[in-house]
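Lettering of chains follows the sequences in order, A, B, ..., and the numbering in each one begins at 1. Worth knowing before you read on, the calculation uses all heavy atoms, side chains too, and leaves out hydrogens, waters and symmetry mates.
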Amino acid sequence: EAGVAQSPRYKIIEKRQSVAFWCNPISGHATLYWYQQILGQGPKLLIQFQNNGVVDDSQLPKDRFSAERLKGVDSTLKIQPAKLEDSAVYLCASSSSLQGVEAKNIQYFGAGTRLSVL
Amino acid sequence: AQTVTQSQPEMSVQEAETVTLSCTYDTSESDYYLFWYKQPPSRQMILVIRQEAYKQQNATENRFSVNFQKAAKSFSLKISDSQLGDAAMYFCAYRTGTFEYSGGGADGLTFGKGTHLIIQP
């Protein structure tokens, strides 16, 4: 079974530029999460999707961050314009929402995108 | 809001010995899940072990086991017979169980700051 795919692995941009990250979850997983992990800290949830609807975006800086999951499968996270403090690893995770599935409450993570804002 | 605290920024252990990583959490919920994730330099978070709060029995997975003390809100990870491949960052994480049966609710993980585990050969 293929895992969570993310691209690119690395991205370097200058402040005020725009950047986008892509995530393809495990096949059949209805729930998708984006986390931000700043160096030396644990990941922090940015946004959660259930199929193509947003469940939780309370910690998403909406003035500069946006995310979409139009067809309920892959997702894109965008930053526009980027700030120095956005330098971090952006992790995508997915989980199954099927009742009775043993691993229903487990989130599986991709390898992340490391963003450096100069 | 829930919080997760890992008070050990770094731990070091000799290969083949046992090490315990500490985690405490704060919540007003009675139904929740706790996890330990491992993050090697490759950055991918790998699930090590999970514990359902309603289960009194401590979870075990091969060399990994937890000491879950619900009243004390403590969730420590014990690694037995440490191996060089165990070297990584370890994160403790909390997830609500509120939507377990209704589905579709906000259930993102709340992570601690992590413990860097060093294995001495």
Novice: Consider side-chain hydrogen bond (donor to acceptor under 3.5 Å, both in side chains). Of A/Gln48, A/Gln50, A/Gln107, which one does A/Thr31 pass it with?
Specialist: A/Gln50
Novice: Sort B/Gln6 into side chain, backbone, both or neither according to what part of it lies under 4.5 angstrom from a heavy atom of chain A.
Specialist: neither
Novice: Determine the option with the most heavy-atom pairs under 4.5 angstrom with chain B, choosing from A/Arg114, A/Gln6, A/Lys44.
Specialist: A/Arg114
Novice: Decide yes or no for B/Gln83 and B/Arg63: does some side-chain heavy atom of the first lie under 4.5 Å from some side-chain heavy atom of the second?
Specialist: yes
Novice: Tell me, for A/Leu91 versus chain B, whether the close heavy atoms (under 4.5 Å) come from the side chain, the backbone, both or neither.
Specialist: side chain
Novice: Please step through side chain to side chain donor-acceptor pair (under 3.5 Å) for the pair B/Thr96 and B/Gln2, ending with a clear verdict.
Specialist: CA-CA 9 Å; B/Thr96 183; B/Gln2 295 78 28; 5.8 Å; no
Novice: Using a 6.0 Å distance limit plus a 45 degree cone around the ring axis, check whether B/Arg43 lies over the aromatic ring of A/Tyr35.
Specialist: no
Novice: Please state whether the side chain, the backbone, both or neither of B/Leu47 comes within less than 4.5 Å of a heavy atom of chain A.
Specialist: side chain
Novice: At a heavy-atom separation under 4.5 Å, does A/Gln59 approach chain B through its side chain, its backbone, both, or neither?
Specialist: neither
Novice: Centroid separation under 6.0 Å, is that true for the rings of B/Tyr94 and B/Tyr32?
Specialist: yes
